[in-house]
Amino acid sequence: MGLKNKYTSPKVELLDKLKIGSETRVLKVELIETSKVKNHYIYECQYVEKKNIHQTYIIAIDIEDAMNRLSEMVKIPSANTRHFILGNETLYINENKSDS
């Protein structure tokens, strides 16, 4: 089951709709291969920075680790936003407990 056509746009149109400015947005993080490093995987990451689409490959343990490594390379929103993107409620809850 895919998205309806009204929800899909070419990337050029999507960038115009996002009105990003100088912010960075992640377009895609995809697991593409296993790594030679034990228990690590290779992720393909696409992100938009200053209206330019960039692509990089990251070796990481899981998608959360990949997002953390990507955030070290580029300016990605706060940790709370990254956790929301990943849908990882456990980390978000644990982070709030440590802030208290």
Side-chain angles (χ1 to χ4, degrees):
M1 182 178 206
L3 285 175
K4 293 182 179 180
N5 286 337
K6 69 179 183 178
Y7 296 116
T8 59
S9 306
K11 285 198 172 130
V12 174
E13 288 180 24
L14 179 61
L15 295 178
D16 289 338
K17 288 180 187 178
L18 290 176
K19 299 178 183 174
I20 293 172
S22 63
E23 297 176 7
T24 301
R25 294 287 185 262
V26 177
L27 297 177
K28 176 174 84 168
V29 178
E30 182 180 359
L31 175 65
I32 58 168
E33 185 61 76
T34 58
S35 172
K36 292 180 183 177
V37 179
K38 186 178 180 181
N39 298 325
H40 284 67
Y41 303 95
I42 301 172
Y43 291 87
E44 177 184 24
C45 304
Q46 272 189 359
Y47 60 95
V48 178
E49 191 171 44
K50 298 178 184 172
K51 295 194 177 189
N52 295 318
I53 298 175
H54 300 280
Q55 181 175 332
T56 188
Y57 296 93
I58 295 176
I59 297 174
I61 297 170
D62 55 19
I63 192 165
E64 180 191 0
D65 188 32
M67 287 295 292
N68 286 332
R69 291 172 190 253
L70 183 61
S71 70
E72 293 170 4
M73 295 170 30
V74 298
K75 182 182 172 190
I76 294 182
S78 70
N80 288 345
T81 304
R82 287 196 304 273
H83 293 314
F84 178 76
I85 291 169
L86 295 171
N88 195 332
E89 296 174 9
T90 305
L91 289 173
Y92 183 78
I93 291 168
N94 289 339
E95 186 171 287
N96 283 341
K97 286 179 184 176
S98 66
D99 290 344
S100 301

Point to revise | Straight-line distance of Leu70 CG to Asp65 CG, nearest 0.5 Å | key: 11.5 Å
Check residues 38-47 and write down every donor-acceptor pair under 3.5 Å in which the side-chain atom is one partner and the other belongs to a residue at least two apart or another chain.
residue, atom, partner, partner atom, Å
His40, ND1, Lys38, O, 2.8
Tyr43, OH, Ile63, N, 3.3
Glu44, OE2, Gln55, NE2, 2.5
Gln46, OE1, Lys11, NZ, 3.0

Exercise for review: Indicate if Ile61 and Tyr57 have the same hydrophobic cluster label, given that clusters are the connected sets of ILVMFWY residues with side-chain heavy-atom separations under 4.5 angstrom.
Suggested key: no
Practice item. Indicate if Met73 and Val29 have the same hydrophobic cluster label, given that clusters are the connected sets of ILVMFWY residues with side-chain heavy-atom separations under 4.5 angstrom. Key: yes
Point to revise | With Glu30 via salt bridge (charged side-chain N to carboxylate O under 4.0 Å, His left out) - residues at least two apart | key: Lys28
Check your understanding: Mind checking whether Thr56 and Ile58 have side chains closer than 4.5 Å, heavy atoms only?
Key -> yes
Study note, to complete from the structure: Closest non-hydrogen contact found for Ala60 with Ala66 is CB-N, 3.5 Å
